[in-house]
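Because only heavy atoms are used, hydrogens play no part in the values below, and waters and symmetry mates are left out as well, while side chains stay in. Starting from 1, each residue takes its place in the sequence as its number.
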Amino acid sequence: DVQNLQKPIVQATVDMFYEIQEVMLPTPQKAHYTFNLRDVSKVFQGILQIKMENCKSQTTMTRLWIHEIQRVFHDRLISDEDKVVFNTAVTDKIKRTFKSDMTYDELFVTGRPIIFGDFFKPGEENYAEFEGNMTLAGNILTSYLEDYNVSNSKKMNLVFFADAVNHVTRISRIMRQPRGNALLIGIAGSGKRSLTKLCAFISDYQFFQIELKNGYGRADFHENIKEQMLITGVEGNAVTWIFPDSQIVEESFVEDINNILNSGDIPNLWESDEKDKIVDEMRPVMKRLGKIGTRANCLQEFNLRIRDNLHIVLSFSPVGDAFRSRLRNFPSLINCTTIDWFNAWPESALQAVAEYFLKDLELE
């Protein structure tokens with residue numbers, strides 16, 4: 001049954017890509033509405049995360065396709081009208097290409113939310129559909145948060161309403177993928193940094209954020225980058241690096257990030273003696289991998305490991321012209337990342353936060 005969906009999945013994805021390109025056009029307010037074939041590859045990269053035992057029916061595979069195409073395209077949409085247009089197009093593909101009778105309301109209004117992840121069963125890191133409700137998902141994330149607070153001196157106090165659960169699953173999905181980089185867009189205080197830190201903890205990744213000090217400049221920035229490259233390239237450890245726009249002291253920082261996202265390297269970053277040291281440290285790694293340890297091979301493998309293990313999470317605010325200007329000047333900020341737009345919290349979220357913080361107060 002699942003194998004019979006091979007052609008429909010490819011056809012529906014390509015059709016959706018062309019429709020989105022034609023309908024969702026970039027404007028000054030929607031400068032990030034640019035789509036290319038990398039987005040198509042991200043859909044299939046997401047689908048291929050699932051294992052056979054977790055996808056035994058056409059219904060599961062269909063819901064997985066909906067989930068992945070939403071994560072790649074839907075999450076960057078900023079207006080309710082655009083989201084309705086997108087979901088209507090998805091429903092049309094489900095009927096015409098997948099030959100399914102699922103309706104719009106069943107998929108996006110009244111039915112069970114479509115959520116896939118690999119952290120809902122602690123100890124079992126298998127990508128699968130979460131079949132519980134949002135309350136249960138929130139309880140699972142709360143248990144992760146309690147573990148985080150036990151092992152870290154800086155405590156986090158988070159409330160997992162439906163929107164927060166959705167953002168955690170999206171960020172976690174991006175970081176679990178090789179070369180998974182995220183662009184989180186939302187105003188300050190919307191929880192981008194805290195949720196990213198929790199996702200890094202859940203994935204057992206190192207969490208990194210530069211510390212600004214007086215006189216911090218490009219040389220300091222390059223030193224920080226080199227440290228993380230050695231951790232990810234030589235040691236092979238996964239690192240989540242969150243980079244908020246408040247830390248852009250010089251615009252050259254964004255250019256460097258753009259280069260890392262695109263190629264995993266910055267031109268003229270390393271001195272020749274530093275490269276020699278990297279080659280020496282990579283030779284035992286190449287031997288373990290069963291590869292020939294020539295200088296060129298060592299440096300190439302070093303770069304590939306950086307691209308796979310260094311997960312850059314950009315945290316930008318859409319307020320002002322700087323955001324749109326950076327997207328135009330540095331295209332890799334969109335092309336090489338998966339976008340997650342943090343909209344204003346709904347009333348249900350505000351209600352949940354208020355109830356959480358006021359529950360222990362005696363109100364007369």
Side-chain angles (χ1 to χ4, degrees), residues 36-54 68 72 118-119 123-127 171-182 199-208 221-243 255-314 331-333 335-338:
N36 58 48
L37 288 175
R38 292 191 193 198
D39 296 317
V40 176
S41 73
K42 288 175 189 173
V43 174
F44 294 107
Q45 186 181 17
I47 290 174
L48 292 172
Q49 288 185 104
I50 204 160
K51 293 184 178 179
M52 182 178 64
E53 58 267 24
N54 294 325
E68 298 306 318
V72 175
D118 59 0
F119 58 85
E124 297 181 27
E125 296 180 354
N126 291 325
Y127 198 65
I171 298 169
S172 180
R173 169 191 171 277
I174 296 166
M175 291 198 307
R176 289 286 197 176
Q177 296 177 346
R179 306 189 184 185
N181 302 296
C199 289
F201 174 79
I202 292 172
S203 302
D204 200 23
Y205 291 176
Q206 296 182 32
F207 182 82
F208 172 70
F221 189 59
H222 281 179
E223 286 303 314
N224 284 146
I225 291 174
K226 287 179 181 178
E227 291 169 9
Q228 302 311 310
M229 284 184 168
L230 291 173
I231 292 171
T232 54
V234 176
E235 298 175 20
N237 296 328
V239 172
T240 298
W241 175 15
I242 189 163
F243 185 67
E255 182 181 357
D256 291 336
I257 293 291
N258 182 78
N259 287 328
I260 296 173
L261 289 171
N262 191 40
S263 64
D265 195 15
I266 297 173
N268 304 316
L269 177 67
W270 303 96
E271 301 291 342
S272 59
D273 60 324
E274 291 176 323
K275 283 189 175 182
D276 292 340
K277 187 177 179 182
I278 290 170
V279 170
D280 290 340
E281 292 176 338
M282 283 298 296
R283 285 205 165 108
V285 176
M286 298 294 283
K287 189 174 181 180
R288 288 198 303 270
L289 296 174
K291 297 182 179 180
I292 300 172
T294 64
R295 179 182 174 85
N297 286 352
C298 287
L299 292 175
Q300 183 182 28
E301 185 66 26
F302 175 68
N303 180 257
L304 290 174
R305 283 160 69 95
I306 291 170
R307 297 186 73 184
D308 286 346
N309 294 323
L310 181 58
H311 302 280
I312 298 175
V313 179
L314 303 172
S332 291
L333 299 184
N335 295 340
C336 301
T337 63
T338 301

Looking only at heavy atoms, the pair that brings V239 and Q228 closest together is CG1-OE1, 3.4 Å
query: Does a side-chain heavy-atom distance below 4.5 Å link S332 with I257?
result: no
Closest non-hydrogen contact found for R176 with I202 is NH2-O, 3.9 Å
Notebook entry, point to check: Would you say N303's side chain and L299's backbone share a donor-acceptor pair under 3.5 angstrom?
Noted result: no
Minimal heavy-atom distance between T337 and A182, with the atoms involved, is CB-C, 4.0 Å
Is M282 close to V234 at the side-chain level, that is, under 4.5 Å between some pair of heavy atoms?
yes
(message) I'd like to know if the side chain of N36 pairs up with that of N335 as donor and acceptor (distance under 3.5 Å, no hydrogens or angles considered).
(response) yes
So, do W241 and N224 sit near enough that their side-chain heavy atoms are less than 4.5 Å apart?
-> no
**Message:** Taking the side chain as everything from C-beta on, heavy atoms only, tell me whether N54 gets closer than 4.5 Å to Y127.
**Reply:** no
dist E301:CD -> D308:CG (nearest 0.5 Å) comes out at 8.5 Å
Near D273 CG, under 6.0 Å, is it more than 12 heavy atoms from other residues, nucleotides or ligands?
yes
CD1 of I50 to CD of E53, rounded to nearest 0.5 Å, is 9.0 Å
Can you find a heavy atom in the side chain of F302 that is under 4.5 Å from one in the side chain of W270?
yes
Per side-chain hydrogen bond (donor to acceptor under 3.5 Å, both in side chains), E68 is matched among R173, Q45, Q49, K42 by R173
Correct closest heavy-atom pair for R38 and C336 would be NH1-SG, 2.7 Å
Exercise. Is it true that F201 and F119 have ring centroids separated by less than 6.0 Å?
Worked result: no
Problem - Check: I242 and F207 side chains under 4.5 Å, non-hydrogen atoms - result: yes
- Test V313 against N181 for side chain to side chain contact (heavy atoms under 4.5 Å, CB included), laying out the working first. CA-CA 6 Å; V313 179; N181 302 296; over 6 Å; no
With a 3.5 Å distance limit and no angle check, can you tell me whether R283 reaches the backbone of G293 through a side-chain donor-acceptor pair? yes
- Look at the side chain of E281 and the backbone N and O of I278, then say whether any donor-acceptor pair between them is shorter than 3.5 Å. no
* Asked: Under 3.5 Å, is there a donor-acceptor pair between the side chain of N259 and the main chain of D265?
  -> no
Rounded to the nearest 0.5 angstrom, the CZ-CG distance for F208 and L310 is 9.5 Å
Self-check item: SB check E223 K226 (cutoff 4.0 Å)
Solution: yes
Is the shortest side-chain heavy-atom distance between L269 and M229 below 4.5 Å?
yes
Smallest heavy-atom separation, M175 atom then C199 atom, equals CE-CB, 3.3 Å
Stepwise side chain to side chain contact (heavy atoms under 4.5 Å, CB included) test for L261 and L314:
CA-CA 11 Å; L261 289 171; L314 303 172; 4.2 Å; yes
Worksheet item: Between N297 and M286, does a side chain to side chain contact (heavy atoms under 4.5 Å, CB included) hold up when you go through it step by step?
Response: CA-CA 8 Å; N297 286 352; M286 298 294 283; 3.7 Å; yes
Pair Q206, N237 - check side chain to side chain contact (heavy atoms under 4.5 Å, CB included), show working. CA-CA 8 Å; Q206 296 182 32; N237 296 328; 3.6 Å; yes
Residue pair I174 / H311, side-chain heavy-atom distance below 4.5 Å
no
One should read off an interatomic distance between I231 CD1 and R305 CZ, to the nearest 0.5 angstrom, of 13.0 Å
dist N309:CG -> T232:OG1 (nearest 0.5 Å) comes out at 6.0 Å
Q. So does E271 have more than 12 non-hydrogen atoms from other groups sitting under 6.0 Å from CD?
A. no
Rounded to the nearest 0.5 Å, the CD atom of Q177 sits from the OG atom of S172 at a distance of 10.0 Å
### Task
Kindly say whether V279 contributes a backbone atom to a donor-acceptor pair with the side chain of R295 at under 3.5 angstrom?
no
Tightest non-hydrogen contact, residues R307 and N262, listed as NH2-O, 3.1 Å
